[in-house]
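Notes for the one structure printed next.
What you see below is based on every heavy atom in this structure, not just the backbone, and it leaves out hydrogens, waters and symmetry mates.
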Amino acid sequence: MSQPAAGVRVTINGRSVEVAPGTLVVEAARRAGVHIPVFCYHPRLKPAGVCRMCLVRVQGQPRLVTACTTPVADGMVVDTRDPEALAAQRSVVEFLLLNHPLDCPVCDKGGECDLQDLTFKYGPAISRLADPKLRRPKAVELGPFIVLDQERCILCRRCVRFDDEVAQERQLVIEERAVGSVVTTAAGRPYQHPFTGNVVELCPVGALTARTYRFRARPWDLSPVASACTVCSVHCPARFDVRLGQLVRVVSPGGYMDHLFGAPGLMSAYHTPADDVPGAQGMGWLCDRGRFNHGYLHSPQRLAGPLAGRGPLKRALDWEQALQRAEDLLARAVEEHGPQAVGILGGGRLFWEEAVALARLARVLGTPHVDYRTAGQAVASLATPSGRSGRVEDLERASAVVVVGSPPVERAPVLDLAVRAALARGARVYAAGPCRPPYRASGVEFRPAWGQELAQWLRELAGVLAEAPGPVVVVWDGDGAWDGRAGLVGEALLELAETVERAGRQVGLLVPGAHPQARAAEAAGLVPGEGGLDTAGMLQALAAGELKALYVVGANPLATFPDRALVEQALAAAEAVIVQDLLPTETVQQADLVLACVPAPMRQGTLVDLDGRVRVHAMVVPPDGRGRPDGEILQELARRLARRLGRSLEPDQEGGPASPGAAAPLSGDGVAALEPARARRLW
Amino acid sequence: MGQAAFEPVLTAGIGRLELENIEVYESRGGYQALRKALRSMTPAEVQKEVTDSGLRGRGGAGFPTGRKWGFLPNDGRPRYLVCNADESEPGTFKDRLLIERNPHLVVEGVLLAAYAIGAARAFIYLRGEFRQGYEILSRALEQARRRGYVGERILGSDFSVEVVIHRGAGAYICGEETGLLNSLEGRRGEPRLKPPFPASVGLYGMPTVVNNVETLACVPFIVARGARWFASIGPEKSPGPKIFSVSGRVRRPGNYELPLGIPLRELLWEHAGGPLPGRRFKAVQPGGGSSPLLVPEQLDVPMDFDSVARVGSMLGSGGVIVLDDRDCVVEAARILTEFYAHESCGQCTPCREGLHWLARILARLESGGGRPEDLEVLRSTPPFIAGRTICPLADAGVGFLRSSLQHFPEEYQAHVQHGRCTREAKTA
Amino acid sequence: MAAAWQKEEPEVQEILQRYPQRRSAIMPLLHLAQERRGGYLAPEDLEAVGEVLGLTVAEVESVASFYALYHRKPVGRYVLTVCANLSCHLSGARELVRHLQQRLGVEPGQTTRDGLFTLEVTPECLAACDQAPAVQVNGYYLHRVTPRRADELVEALRQGRSPQELAQRSQLPPPVGEVHADGAGGL
Ligand SMILES: Cc1cc2nc3c(=O)[nH]c(=O)nc-3n(C[C@H](O)[C@H](O)[C@H](O)COP(=O)(O)O)c2cc1C
Ligand code: SF4
Ligand code: FES
């Protein structure tokens with residue numbers, strides 16, 4: 001009897017489809033290739049049935065029904081072109097337009113607006129309104145990123161529902177009632193949390209706009225690029241909208257997608273039913289950090305080219321000079337003090353191929369001192385060799401989530417949405433660390449603890465989790481910085497995992513870590529080799545004069561390493577400091593030589609997600625002439641140094657994918673095997 | 001129909017006796033029905049008695065009460081009873097009368113219904129404006145509690161129920177049962193999607209019965225006197241006593257408790273005293289502000305659920321509003337449409353936007369700015385508001401407008417043509 | 001400003017006990033705050049409700065703003081609410097409002113300068129249609145309020161009579177033949 005329930009057969013506009021029981025008519029129609037217009041419906045939100053746009057005829061029912069709230073029944077016959085249904089849809093558009101302003105020409109949403117599209121397709125030809133439209137505030141600053149035009153709002157409540165159901169922040173609400181209803185936050189309180197940007201995408205009209213995008217472009221001027229976000233280790237699939245070579249906005253795939261790609265549906269809501277959302281987390285939401293923090297990309301702050309000279313006053317070099325200089329500095333250190341005199345810090349942001357190139361450079365130099373963990377993190381690989389590497393989607397089934405260290409929202413915000421969803425499902429969250437996670441839901445237990453106490457707490461928790469009704473997921477920030485004793489916590493975690501597994505429960509470990517590409521860096525070998533020093537060790541050795549030259553790649557230890565004084569000493573003592581970076585960071589200031597590189601969106605390469613999945617990062621905007629791609633710099637240096645030091649340049653044995661999209665042979669070194677099917681479906 | 005023999009029961013004694021005093025109430029047989037039920041009837045028997053009586057809900061929809069109680073699933077979940085005392089239907093003031101003048105009857109009805117359905121707790125959702133009612137009902141409840149009628153092990157039986165009065169705060173839509181439940185749960189009083197219905201997923205997601213004050217007030221009499229007695233009053237399909245609230249242009253506005261099925265004409269002339277001197281009835285809403293109007297030729301309609309529905313209106317709450325030849329239907333339509341637009345919860349597009357639109361047009365028409373196209377909008381739009389929404393407020397909001405356009409098109413026309421109402425000229 | 005009530009008070013605790021789920025207490029807690037504060041809710045009151053019930057302030061505002069009886073701005077000591085629905089309209093509610101406007105020197109929604117009276121006109125039917133036009137003073141009913149009676153009432157309130165004292169209760173129509181003292185139904 002426990003076999004999966006049989007499908008239900010329904011006929012929609014004469015087309016027959018079989019769908020799972022419980023499927024909503026609107027979804028069944030989509031599967032049948034029939035478009036039902038909607039405003040309030042969104043596949044990733046609970047049905048609300050308020051806009052009344054989706055009224056259709058169901059044979060045998062006395063009244064029209066809303067397709068977005070009606071589940072299919074076997075043998076159901078639906079007609080969306082029934083004259084009464086069409087008239088009802090037309091009337092809803094007419095009603096919505098009554099008080100909707102006619103500012104489409106200056107509206108950000110013009111061209112990708114559901115109301116515009118549906119007016120065209122379903123609406124009345126003329127306006128019968130004889131009275132003036134209601135006037136309301138037009139540029140309400142809801143929060144740091146979001147602006148509301150109350151006149152344009154059609155009260156579909158998607159934003160409010162998102163804030164309640166998904167973000168669970170309940171900051172955005174409806175106030176007043178009837179025609180006076182408005183979307184708002186509490187008086188005097190900004191709309192502020194890590195996921196606010198999603199409401200802009202959810203808004204079917206131009207009522208909610210992003211400050212970073214307002215009046216910057218018209219949709220038809222945009223070239224969309226499907227790629228992935230590189231801000232944290234989750235690597236959410238995202239669409240990057242580019243205008244005249246400039247990135248103007250980042251949206252989640254399926255947000256505005258079909259408008260531009262002309263895919264089946266007309267509606268934003270249509271693009272991605274939950275099961276089709278590509279991406280590890282399967283949620284299709286983005287965090288504000290990934291969505292809005294791209295200002296640096298086209299910022300004049302960015303380093304234009306190589307620079308020389310320690311301190312703030314630097315001299316510009318051309319690339320030939322700079323590479324020659326780098327070669328000299330590194331070669332001299334090796335020649336004068338031996339290969340062990342060079343240390344390499346960073347690389348936790350590099351694409352897989354670039355990380356491989358950096359590891360190769362280390363081998364050419366002959367140094368084992370390589371470490372990407374510039375903030376002093378624990379070994380993120382904890383999750384891998386034990387074979388317990390979790391998957392982000394494990395959170396969807398978890399009955400208990402253990403949060404160790406700082407809340408996931410700080411390292412990988414979007415993971416936090418999955419934890420919130422788990423809470424909403426009734427899962428329990430056990431958290432311990434320096435601060436309470438920001439969950440409003442009940443079901444959270446928090447203990448302020450670190451070090452020994454944290455390890456002890458984990459040991460006690462193991463017993464509780466062994467009784468958990470379902471799978472357990474541990475999210476560890478992977479950070480040892482706050483107490484310097486990650487080893488302790490790591491061991492306790494492994495112990496916990498073993499205890500829980502012995503009790504027959506599944507355990508997954510997720511370690512977002514501080515570096516978006518930690519897994520790639522590890523797989524490429526950007527960790528201390530035989531006899532090699534880790535970050536702290538290198539800094540101490542530099543300060544002690546045992547290490548002479550430091551090569552820093554995309555890292556700013558002055559700002560991120562917990563013991564700043566040590567970094568200062570180390571940099572001061574070093575004979576040569578070379579920094580490869582985008583922006584004039586503090587560490588860049590202290591460099592003898594600065595090699596300007598190129599931001600991730602201007603490069604392409606392979607990403608390894610925190611849970612070991614591999615995906616291709618497509619170039620979003622072409623390089624703008626400032627800096628050179630990291631891979632190129634590293635390869636060039638390796639080539640030069642190999643010649644100079646008389647080493648043979650190894651062939652590409654590490655086998656980094658020659659072209660993005662090819663499977664990266666990452667298995668065997670701890671990274672979960674590639675899932676080509678899923679990864680390919682991405683892009 | 002036994003009208004001659006009819007004696008009011010729900011309102012008996014009001015005005016003469018201090019029924020709000022529990023001793024007075026008891027001295028007239030009050031709480032005897034509760035005693036009887038707890039001593040000698042199982043909950044199922046009470047429920048059967050109510051089913052057999054043919055009692056239909058007095059809150060507006062006229063749904064058979066016993067049947068409603070029977071819908072509760074037997075699945076062990078706690079059940080709730082909610083007494084709908086949100087009376088806000090325009091032209092309706094019968095529940096307020098019972099609450100202010102016969103509160104123990106309401107309490108006894110609540111207790112009996114709670115017993116019949118096995119409710120863990122009963123709530124009386126009392127209209128926020130009924131401040132006096134709140135004070136009176138609270139006192140009555142307190143008296144009843146002290147007498148052992150409310151609380152643990154009532155009258156020594158093993159039936160326990162707590163009764164909580166919950167005050168509304170000014171929203172007509174909270175009379176709609178699912179809006180009421182949301183409000184009672186501490187949310188905006190927005191009606192819920194149905195299904196699921198409250199019987200299976202109601203208050204706090206539990207099986208819930210919502211009944212009107214007057215409905216519940218009938219129950220003590222049904223228990224005390226028997227289903228047959230109740231069923232013998234009025235028409236077979238709509239039996240029992242009913243309080244009709246009559247207001248507007250009659251000589252004697254007020255609440256009249258009469259058997260269902262009494263002809264509207266009789267109610268208006270014999271009880272409410274007929275039209276004011278020198279005036280003629282013009283239009284009557286038989287069932288509150290939501291009901292389509294009837295014209296003088298229709299006044300013979302028997303005032304029961306089915307008969308009034310048959311002539312294209314509804315018995316609704318039994319609030320009868322009378323307009324006479326001096327009154328302007330356009331103005332009345334404007335007032336009612338504005339009311340419903342104001343009370344829309346705002347969820348559904350047609351209700352929120354449509355009613356507001358119509359109200360604006362009517363206001364313009366009334367003040368002389370009408371245009372011929374307005375009539376077309378007024379006529380063609382209501383069908384796209386009614387029947388298209390989550391709850392029936394939208395239907396209610398266009399009931400009067402539609403019927404008045406049908407019966408008095410010339411009055412609308414005149415407003416457009418002359419920029420004002422011409423009815424004085426007509427009647428002069 | 002402090003909230004109008006404290007969580008520890010017995011009255012607040014009693015309200016919280018009434019319901020199987022805490023959230024239900026939002027309306028009684030708002031009523032209590034409004035009563036204590038003299039007819040309106042201050043931001044502190046909304047915050048206190050949120051805190052006690054585990055709701056965001058936005059949620060509390062969202063609920064409070066749905067209901068017409070919660071005021072979020074200060075009101076006069078006496079809120080006079082005139083019913084403007086159909087039956088009262090037929091019995092002269094409009095004239096009554098006009099009269100009160102003149103008499104008090106305020107528009108609907110405004111408060112007299114001495115802070116005594118707020119004039120409100122409600123489209124909601126006050127369920128006193130047989131006693132039209134109906135007015136409520138702070139929730140207490142006044143029946144058949146002709147302009148003359150309105151003057152007397154305003155005067156009485158000014159003299160310090162309480163709304164409770166003046167309040168009228170619903171009643172049945174007098175037996176046939178008798179007529180209401182002040183003339184029924186605008187006769
Ligand atoms: C807009 C609207 C307002 C309503 N107002 C009331 C009301 O004030 N009092 C009431 O008892 N029922 C009201 N009802 C009916 C209730 O939804 C519900 O049917 C009734 O309380 C059930 O009780 P009954 O079966 O005893 O009649 C209203 C319905 C609607 C759609
Ligand atoms: S019809 Fe009106 S009142 Fe009813 S749910 Fe819809 S918007 Fe709210
Ligand atoms: S009511 Fe179905 S989409 Fe809005």
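- There is a side-chain donor-acceptor pair under 3.5 Å between C/Ser170 and B/Glu100.
- Scanning all heavy atoms of the two residues, the minimum distance from C/Phe66 to B/Glu190 falls at CE1-CG, 4.0 Å.
- Minimum heavy-atom separation, C/Pro173 to B/Asn255: CD-O, 3.4 Å.
- A donor and an acceptor atom, one from each side chain of C/Glu124 and B/His342, are nowhere located under 3.5 Å apart.
- In terms of heavy-atom pairs under 4.5 angstrom with chain B, the leader among C/Leu86, C/Ile26, C/Leu55, C/Leu53 is C/Leu86.
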Practice task
Give the intermediate values and the outcome of side chain to side chain contact (heavy atoms under 4.5 Å, CB included) for residues B/Phe93 and C/Leu126.
Solution key: CA-CA 8 Å; B/Phe93 41 92; C/Leu126 286 179; over 6 Å; no
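- Residue contact with chain C, scored on non-hydrogen atoms closer than 4.5 Å, involves the backbone and the side chain of B/His166 alike.
- Using a 4.5 Å cut-off between heavy atoms, B/Ser183 touches chain C through backbone and side chain atoms alike.
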Next on the checklist: For a salt bridge (Lys or Arg N to Asp or Glu O under 4.0 Å) check, start with the C-alpha distance between B/Glu185 and C/Arg22, then their side-chain angles and the critical distance, and finish with the verdict.
Outcome noted: CA-CA 9 Å; B/Glu185 286 184 10; C/Arg22 276 204 151 195; over 6 Å; no
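- Proximity to chain C is limited to the side chain of B/Ile173, based on heavy atoms less than 4.5 angstrom apart.
- Here the CZ atom belonging to B/Arg187 is positioned 4.5 Å from the CZ atom belonging to C/Arg23, to the nearest 0.5 angstrom.
- Smallest separation of non-hydrogen atoms from C/Ala127 and B/Glu87: CB-OE1, 4.0 Å.
- Heavy-atom pairs under 4.5 Å with chain B peak, among C/Ala167, C/Pro28, C/Ser62, at C/Ser62.
- Remark: the backbone N or O of C/Tyr141 is paired with a side-chain donor or acceptor of B/Gln132 at under 3.5 angstrom.
- Here the side chain of C/Gln136 pairs a donor or acceptor atom with the backbone of B/Glu129 at under 3.5 angstrom.
- In this structure, NE2 on C/His89 lies 8.0 Å from CG on B/Asp327, to the nearest 0.5 angstrom.
- A donor-acceptor pair is defined here as one N or O able to donate and one able to accept, closer than 3.5 Å; no such pair exists between the side chain of C/Arg18 and the backbone of B/Val164.
- For chain C, the nearby part of B/Thr92 is the backbone; its heavy atoms alone come within less than 4.5 Å.
- Under a 3.5 Å cut-off, the side chain of B/Ser247 and the backbone N or O of C/Ser87 do not form any donor-acceptor pair.
- Of all non-hydrogen atoms in B/Pro90 and C/Asn85, the two that sit nearest each other are CB-OD1, 3.4 Å.
- Between the side chain of B/Arg131 and the backbone N or O of C/Tyr140, no donor-acceptor pair lies under 3.5 Å.
- Contacts of B/Leu184 with chain C are made by both backbone and side-chain atoms, with heavy-atom separations under 4.5 Å.
- For the pair C/Tyr67 and B/Cys174, the tightest heavy-atom approach, listed with the atom from each and the gap, is CE2-SG, 3.7 Å.
- Counting heavy-atom pairs closer than 4.5 Å to chain B, the top-ranked of the candidates C/Met27, C/Gln34, C/Glu59, C/Gln164 is C/Met27.
- The shortest distance between side-chain heavy atoms of B/Phe123 and C/Ser24 does not fall below 4.5 Å.
- Between C/Leu90 and B/Leu323, the closest side-chain pair of non-hydrogen atoms falls below 4.5 Å.
- The nearest pair of heavy atoms linking B/Arg121 to C/Gln17 is NH1-O, 3.9 Å.
- In this structure, the separation between CG on B/Leu203 and CD on C/Gln21 is 8.0 Å, given to the nearest 0.5 Å.
- Put simply, the side chain of B/Arg188 never gets that close to the backbone of C/Val63: no donor and acceptor are under 3.5 Å apart.
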